[in-house]
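Have a look at the structure below, then the notes.
For clarity, every value in this text was computed on a predicted model and none was experimentally measured.
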Amino acid sequence: MQATDQTTQLRGDIRQHANRRSFIVVALLSAMVLALFVLSLSCGRGCIAPPDVIAALFGSEASGASFVVNDLRLPRALLSILAGLSFGLGGVAFQVMLRNPLASPDIIGISSSAGAAAVFAIVILSFDGWLVSVVAVVSGLLVATVIWGLSSSRGAAGARLILIGIGVSAMLDSVTAYVLLEAPAWDRAEALRWLTGSVNGAQLPNVIPVLAALVVFGGLLLTSARDLDILRLGDDAARALGVRADATRLRVTLAAVGLVAFATSAAGPIAFVAFLSGPIAARLLGGSRGILAAAALVGAVLVLAGDFTGQFLLPTRLPVGVVTGAVGAPFLLYLIVRTNRNGGTL
């Protein structure tokens with residue numbers, strides 16, 4: 001009896017420590033996002049004092065900074081935050097659901113499908129603006145459905161879904177390369193700019209669909225956090241605890257694809273943000289508790305920091321996708337080695 005009481009007490013202490021650590025990590029990441037947001041509004045080719053930034057945000061013209069802050073920097077910073085939150089949350093949802101850090105939208109074809117569709121819309125259909133975004137979102141959802149269907153055999157198995165996704169991604173990348181090869185020079189330049197992943201030229205109308213998707217799909221994922229965490233124990237354990245594994249996977253997949261597709265439609269497939277956010281959050285937390293919120297905030301930090309670095313801290317200006325790609329590529333190699341050693345867990 002005494003041993004049982006001690007075990008219960010120990011479990012309670014561990015849970016309390018995990019909750020405290022999760023709260024601290026989320027609070028620190030939130031502070032980093034806020035600090036980078038203020039930095040993005042204050043600094044660029046020239047720096048604006050924070051009081052003048054605040055005055056401009058509230059409509060004051062006295063400082064002369066209203067145009068720079070409200071029309072140039074604010075939409076860019078907001079899109080960076082929302083796209084980062086969406087990529088981070090959508091990416092970690094796949095990784096947790098499939099219990100594999102390689103199962104991110106970058107790897108399994110979701111981002112490639114949106115990219116290929118956008119390039120086709122720009123080059124072949126001569127679409128621009130919101131029409132390209134619509135095509136990218138619809139394509140992401142359709143390809144996710146195809147991958148799910150091909151990998152399903154009494155429920156989508158993790159390894160099978162990843163392998164099929166990698167194959168679909170390779171096929172779509174070849175389609176993208178062919179369309180670019182045949183494209184006129186002007187259309188090729190526009191398509192390549194979009195494919196790189198960039199928040200350059202962001203405007204508030206670009207932000208609204210991403211915000212709406214984050215509220216709807218992000219809320220759906222956060223309300224599914226308990227079921228998603230139970231899925232890590234395996235299908236049999238999930239069913240024993242009253243969780244419908246297949247229904248949960250389908251719900252999580254649709255929500256994660258929606259987040260990634262809308263973010264990609266607005267900012268392009270910013271490389272490796274969805275892939276990096278989950279493993280970084282897991283290491284900060286030391287476990288899985290609170291990983292959805294932490295990964296979303298890590299994504300926002302990566303996009304904000306990557307965009308500021310590419311614009312102002314390097315000898316030449318680079319889109320945010322180039323910076324995150326340079327960081328993510330070696331991390332991918334590291335995770336492949338680590339996954340082979342540890343059996344594919346976050």
Side-chain angles (χ1 to χ4, degrees), residues 79 82-83 85-91 93-94 97 103-152 156 161 164-180 182-183 187 190-199 202-203 205-221 249-271 273-274 321:
L79 182 57
L82 294 175
L85 291 171
S86 298
F87 282 126
L89 189 54
F94 275 111
M97 179 179 67
S104 97
D106 296 318
I107 308 298
I108 63 175
I110 308 303
S111 299
S112 295
S113 66
V119 169
F120 183 85
I122 292 169
V123 174
I124 305 299
L125 303 179
S126 299
F127 287 175
D128 59 9
W130 65 272
L131 286 174
V132 175
S133 299
V134 170
V135 171
V137 170
V138 172
S139 174
L141 293 171
L142 288 176
V143 170
T145 302
V146 170
I147 294 173
W148 176 274
L150 292 175
S151 63
S152 291
L161 188 146
I164 291 174
I166 290 173
V168 171
S169 178
M171 180 181 68
L172 292 169
D173 287 342
S174 67
V175 171
T176 302
Y178 175 77
V179 173
L180 289 175
E182 299 296 321
D187 289 339
E190 175 66 16
L192 286 172
R193 184 200 67 79
W194 192 91
L195 278 174
T196 301
S198 173
V199 292
Q203 298 177 350
N206 304 130
V207 172
I208 295 172
V210 186
L211 175 59
L214 185 61
V215 171
V216 174
F217 296 122
L220 182 60
L221 278 181
R249 284 199 187 92
L250 182 59
R251 183 170 67 250
V252 168
T253 299
L254 290 176
V257 170
L259 282 172
V260 172
F262 273 92
T264 301
S265 72
I270 302 177
V273 175

| message | Minimum heavy-atom separation for L192 and L180, please, with both atom names. | response | CD2-CD1, 3.7 Å
| message | The criterion is side chain to side chain contact (heavy atoms under 4.5 Å, CB included); which residues satisfy it with V138, sequence neighbours excluded? | response | V134, L142
| said: Suppose we screen for side chain to side chain contact (heavy atoms under 4.5 Å, CB included). Which residues come up paired with I166, at least two apart in sequence or across chains? | reply: I107, I162
| query | Which pairs count as side chain to side chain donor-acceptor pair (under 3.5 Å) when at least one residue sits in residues 164-173, sequence neighbours excluded? | reply | S112-S169, S112-D173
| From OG (S86) to CG (L221), nearest 0.5 Å | 10.0 Å
| said: To check you understand the geometry: which heavy-atom pair defines the closest contact between I122 and A191, and what is its length? | reply: CD1-CA, 4.2 Å
| request: Enumerate the residue pairs fulfilling salt bridge (Lys or Arg N to Asp or Glu O under 4.0 Å) with a member in residues 251-266, sequence neighbours excluded, ordered by first and then second residue. | output: D227-R251
| message | Donor-acceptor check, side chain of S139 to backbone of A136, threshold 3.5 angstrom: yes or no? | response | no
Donor-acceptor contacts under 3.5 Å from residues 252-271 side chains, at least two apart:
unit_1	atom_1	unit_2	atom_2	d
T253	OG1	R249	O	2.7
T264	OG1	V260	O	2.7
S265	OG	F262	O	2.7

| message | Just to verify, what does F127 make a side chain to side chain contact (heavy atoms under 4.5 Å, CB included) with, not counting sequence neighbours? | response | A121, L125, L131, V132, V135
| query | Taking all non-hydrogen atoms of both residues, which atom of I110 and which atom of S113 are closest, and how far apart? | reply | O-OG, 2.6 Å
| query | Is there side-chain contact between L89 and L85, with heavy atoms separated by less than 4.5 Å? | reply | no
| Heavy-atom closest contact (A183 atom, V123 atom, distance) | CB-CG1, 3.4 Å
| message | Please find the pair of heavy atoms, one from V210 and one from A83, that lie closest to each other, and give the distance. | response | CG1-N, 4.3 Å
| field | Residues forming a side-chain hydrogen bond (donor to acceptor under 3.5 Å, both in side chains) with S198, sequence neighbours excluded | value | N200
| Can you list the residues that meet the side chain to side chain contact (heavy atoms under 4.5 Å, CB included) rule with I208, with sequence neighbours excluded? | none
